[in-house]
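The structure appears right after this line, and notes come after that.
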Amino acid sequence: MRFRAASSLHQRSRRARNEHTPPVDHGFPARLWRSPLRGPWLTSVFALVLLVGLPIVILTGLLSYIAYGPQFGQALPVDVGWLKLPTFDWPTRPVWLYRLSQGLHVGLGLVLIPVVLAKLWSVIPRLFVWPPSRSIAQVVERLSIAMLVGGILFEIVTGVLYIQYDYVYGFSFFPAHYYGAWVFIAGFLMHITVKLPRMLTGLRSMSLRKVLRTNRSDTRPEEPDADGLVAADPAPPTMSRRGALGLVGGGVLLTALVTVGQTIGGLARHLPLMLPPGDKTGPGPNDFRINKTAQGVGVEPAATGDSWRLTLRGGPTPVVLRREDLMALAQHRARLPIACVQGWSTVQSWSGVRLAELATLAGVSRPRSALVSSLGRKGYFNRATLQANAIGHPDAMLALRVNGADLSLDHGYPARVIVSALPGVHNTKWVTAIDFEAG
Ligand code: HEM
């Protein structure tokens with residue numbers, strides 16, 4: 001009753017205003033969307049959250065590309081032509097830099113999913129406007145919307161599948177996610193340019209404090225708008241705007257909770273529901289996350305036994321060392337994280353021989369880069385090039401032990417690289433050779 005009275009009031013006020021503003025009828029099926037909550041204010045609130053959060057996701061995503069070292073041809077398995085970004089040597093301090101940037105990229109990307117879905121719900125009548133465009137300007141605008149919506153949905157779906165190690169899409173994730181990002185960024189920039197003034201007007205049209213104090217029975221539709229977000233024939237409210245914001249906020253909090261374990265590791269790794277399947281760990285002191293097992297990448301245990309040798313190249317003659325030779329050298333100890341591109345990370349206490357010392361042994365006093373090669377099937381993950389500042393970092397080492405025990409086979413026995421602040425893939429396991437390039 002109360003709502004019907006309010007609704008007829010709303011219609012009367014609309015009629016009064018329509019003496020000045022012609023009614024906007026976006027036709028079938030836009031008329032099907034009858035929620036009384038939909039309108040420029042609610043859309044603008046979701047837009048503001050995305051306006052703050054998504055640039056961080058975009059920026060940290062692009063930084064991850066640079067952290068991989070595209071200057072060594074290892075960021076993407078294909079040449080991206082003019083979409084190549086300017087590169088620089090990724091800083092190796094603070095040690096948690098990549099852990100933070102990639103944790104933010106994946107964590108915030110997941111946490112914002114409920115907001116993206118709520119934003120799409122709030123503008124859904126606009127997606128069904130028919131005919132979709134009446135002028136060249138509208139064609140361009142619709143194209144930008146298609147890039148924006150298609151782009152973000154593609155990035156979310158491929159990103160979520162990738163962190164689940166679910167490669168059902170059948171194409172290479174890295175170039176696809178990279179190209180998809182640029183489609184999204186272009187649509188996003190056009191969208192912000194067109195909608196920013198409207199977002200500011202929308203935010204000013206209602207007081208947040210008042211909305212938070214309004215319960216369901218007192219909830220009224222917003223003033224009719226020229227874009228047709230407000231339903232022409234609103235249904236009675238089934239929840240208040242406060243409830244809708246709480247629902248989306250609850251979705252954000254729940255996603256944050258299940259995601260945080262992946263990012264910070266340790267005990268919290270038992271929390272997440274969204275952990276990739278088969279979260280393997282090792283025995284005793286090696287009890288931390290394994291990304292690729294020895295068996296998974298074709299490392300034969302026999303090749304890691306007595307016959308294993310490390311070859312250092314770059315000087316006048318190659319230097320060949322056994323594991324005992326490495327153990328006899330000065331051992332450095334440091335706590336460093338492994339931060340995976342999938343967003344998870346783990347901090348452990350490593351010990352081994354400093355990379356800088358191995359470079360000196362090889363006869364290269366100031367290496368410009370080092371190509372690390374390892375056992376296992378040839379592919380993307382058993383070779384990595386390290387830049388000068390990564391080799392020279394005082395904690396960068398060829399680790400032989402972790403947490404006071406020998407590395408387990410799955411954690412890279414007999415020796416693995418551990419470097420500071422770089423993507424996890426640079427911490428090559430089962431190392432057999434390091435080629436230092438003189439600076
Ligand atoms: C993933 C991010 C986003 C997606 C998928 C998205 C999607 C959309 C779509 C499909 C529409 C309807 C457009 C139309 O047909 O006219 C829309 C409207 C709107 N968007 Fe976004 N948007 C996003 C982010 C943002 C951001 C960051 C802002 C801040 C400037 C914003 C502000 C608005 C406003 C104010 C409207 C409503 C008014 C209108 O329809 O003209 N959006 N959005």
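Computed from a predicted structure; not experimentally measured. Just follow the structure's listing: the first ligand is 1, and inside any ligand the first atom is 1.
The contact set between ligand 1 and I145, taken as ligand atoms under 4.0 Å from a residue heavy atom, comprises 10 (C), 13 (C). Each of the atoms 10 (C) of ligand 1 lies under 4.0 Å from some heavy atom of V149. Within the listing of ligand 1, atoms 10 (C) sit less than 4.0 angstrom from a heavy atom of L127. For ligand 1, the atoms lying closer than 4.0 Å to a non-hydrogen atom of F188 are 27 (C). Remark: ligand 1 atoms within the under-4.0 Å shell around heavy atoms of E141 are 16 (O). Residue-ligand proximity, R198 to ligand 1, at heavy-atom distances under 4.0 Å covers atoms 38 (C), 39 (C), 41 (O).
Pairs of residues two or more places apart, or lying in two chains, that qualify as side chain to side chain donor-acceptor pair (under 3.5 Å) and include a residue from residues 189-207 are E141-K195, R198-D227. Residue pairs meeting the ring pair (Phe, Tyr, Trp, His ring centres under 6.0 Å) criterion with at least one partner in residues 198-250, sequence neighbours excluded, do not occur; the list is empty.
The number of heavy atoms from other shown groups lying within 6.0 Å of CD (Q138) is above 12.
Below 30°, between 30° and 60°, or above 60°: for Y98 and Y68 the angle between ring planes is above 60°, a perpendicular geometry. Taking the six-membered ring where the residue is Trp, Y162 and F173 present parallel rings, their angle staying beneath 30° rather than reaching 60°.
The closest side-chain donor-acceptor pair between S345 and R99 falls under 3.5 angstrom. For the residue pair Q387 and T385, no side-chain donor N or O sits within less than 3.5 Å of a side-chain acceptor on the partner.
For atom 21 (Fe) of ligand 1, protein N, O or S atoms closer than 2.8 Å were enumerated as K119 NZ, H191 NE2, with waters left out.
Considering backbone and side-chain N/O atoms, S44 never comes within less than 3.5 Å of an N/O atom of ligand 1.
Only the side chain of L54 comes within 4.0 Å of ligand 1, judged by heavy-atom distances. Under 4.0 Å from ligand 1, not a single heavy atom of V194 appears.
In terms of protein heavy-atom proximity, atom 15 (O) of ligand 1 is nearest to R142 NH1, 2.7 Å.
For the pair I113/V160, a side-chain contact is recorded, criterion being any heavy-atom separation below 4.5 Å from C-beta on.
Remark: R38 is positioned above the aromatic ring of W121, its terminal NZ or CZ atom under 6.0 angstrom from the ring centre and at most 45 degrees off the axis.
Using a 4.0 Å cut-off between a side-chain N of Lys or Arg and a carboxylate O of Asp or Glu, D79 and K84 qualify as a salt bridge.
The side-chain contact (heavy atoms from CB on, under 4.5 Å) check on V49 picks up L112, V115, with sequence neighbours excluded.
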